[in-house]
Amino acid sequence: MARRPLIAGNWKLHNGLEASVTLARAVVAGVDAGTRAEVVLAPVFTALSSVAAVVRGTGVGLAGQDVHWDDKGAFTGEVSAPLLADVGASHVIVGHSERRQFFGDDDARVRRKVEAALRGGLVPIACVGETLGEREAGKTLDVVLGQLDAIAKDLVGIERVVIAYEPVWAIGTGRVAKAEDAEDVHRAIRDRVRALAGDAIADGLRILYGGSVKGDNAAALLGQADIDGALVGGASLDAAQFLAIIRAA
Ligand code: PGA
């Protein structure tokens, strides 16, 4: 089945309004009409509205970097799925390893956030991935599939979820996973979703790779059968690099 590639730029805690708008304009201008890939940008919350104005009507999508599990209430400092949709977001990153590492997002919380995103009409880009210690201990698949189960088991709306496999040791380190090693994990993720939700959903599921994706390694990664796109951090802050990754897709 032909899955449309998805290239998402995770700007993390970078770029104020002016820099965000400039970068978004450069990406929009560089994505040619013929491109097969779906492109999504995830600026900081404070720039969502301004970037929304740049991407509206262009086919480039907008994502939040995180979301709260409830739609509203006494949750100082949080942003909900309805608010993200209200500002024009189509997607939201959930369970990024930095959220898991620094902000206490465990599997149960990630599940609730995925459900909140779906309830709000957003596409969750739900992240899984092992640490270096877990990989060296031979626990990669245990960890990744455990995180995946928490996200995907008995999930209503699973057909709208995007999974991002991001080995923690490859994020922001310049240490990209070998394409064949990443493919092994992607295939295992798809197989597990097949067992959980059946062939149609597994065959349609988009599984992104993330972790030091750059213009010069994207083609090898995206050429793998089960790698359907990329979640890009550092290289998404540079329009030329990011566009090179989009072209590789
Ligand atoms: P990186 O980040 O491309 O800078 O490694 C990827 C991510 O954290 O999503």
Side-chain angles (χ1 to χ4, degrees), residues 5-15 19-20 23-24 27 37-45 47-48 51 61-67 89-105 110 113-114 117 122-132 134-135 140 143-144 147-148 151 161-179 181-182 185-186 189 206-222 224 227-249:
L6 171 61
I7 306 295
N10 174 13
W11 296 354
K12 308 192 181 184
L13 190 47
H14 297 289
N15 288 340
S20 293
L23 179 55
V27 171
E38 181 178 9
V39 177
V40 170
L41 304 177
V44 291
F45 285 134
L48 278 168
V51 173
L62 186 69
Q65 296 179 12
D66 187 33
V67 66
S90 47
H91 295 64
V92 63
I93 300 167
V94 175
H96 189 279
S97 65
E98 287 150 18
R99 300 291 323 171
R100 293 179 188 261
Q101 185 181 350
F102 302 124
F103 303 101
D105 283 16
V110 171
K113 291 183 172 192
V114 167
L122 302 173
V123 172
I125 300 174
C127 304
V128 298
E130 83 287 2
T131 63
L132 185 58
E134 289 162 345
R135 168 157 289 249
T140 297
V143 170
V144 167
Q147 292 171 341
L148 178 69
I151 291 163
V161 173
V162 172
I163 299 293
Y165 168 56
E166 300 203 303
V168 177
W169 48 270
I171 294 177
T173 59
R175 268 189 77 179
V176 64
K178 283 205 218 74
D181 292 345
V185 179
H186 281 236
I189 290 171
R206 289 187 293 177
I207 309 171
L208 315 184
Y209 171 81
S212 298
V213 178
K214 308 272 182 259
D216 58 7
N217 59 29
L221 289 159
L222 294 166
Q224 301 294 316
I227 300 185
D228 308 308
L231 180 52
V232 185
S236 73
L237 296 171
D238 180 276
Q241 277 273 343
F242 191 56
L243 290 166
I245 295 167
I246 293 167
R247 276 192 291 274

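Just follow the structure's listing: the first ligand is 1, and inside any ligand the first atom is 1.
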Next item on the list: Measure the shortest side-chain to side-chain distance between Leu41 and Trp11 over non-hydrogen atoms and say whether it is less than 4.5 angstrom.
Entry: yes
Notebook entry, point to check: How far apart are the C-alpha atoms of Val185 and Asp181, what are their side-chain angles, what is the distance that settles it, and do they pass the side chain to side chain contact (heavy atoms under 4.5 Å, CB included) test?
Noted result: CA-CA 7 Å; Val185 179; Asp181 292 345; over 6 Å; no
Next item on the list: For Val162 and Leu231, run side chain to side chain contact (heavy atoms under 4.5 Å, CB included): C-alpha distance rounded to whole Å, both residues' side-chain angles, the deciding distance at 0.1 Å, then the answer.
Entry: CA-CA 11 Å; Val162 172; Leu231 180 52; over 6 Å; no
Check: Going through the checks in order, is the side chain to side chain contact (heavy atoms under 4.5 Å, CB included) test met by Asp66 and Phe103?
Finding: CA-CA 11 Å; Asp66 187 33; Phe103 303 101; over 6 Å; no
Notebook entry, point to check: Between Glu98 and Ile171, is a side chain to side chain contact (heavy atoms under 4.5 Å, CB included) present by the stated rule, with each step listed?
Noted result: CA-CA 9 Å; Glu98 287 150 18; Ile171 294 177; 3.7 Å; yes
Notebook entry, point to check: Measuring from each atom of ligand 1, which residues have a heavy atom under 4.0 Å away?
Noted result: Asn10, Lys12, His96, Glu166, Ala170, Ile171, Gly172, Gly211, Ser212, Leu231, Val232, Gly233, Gly234
Margin query: Nearest 0.5 angstrom please: Gln65 CD to Arg99 CZ, how far?
Written below: 9.0 Å
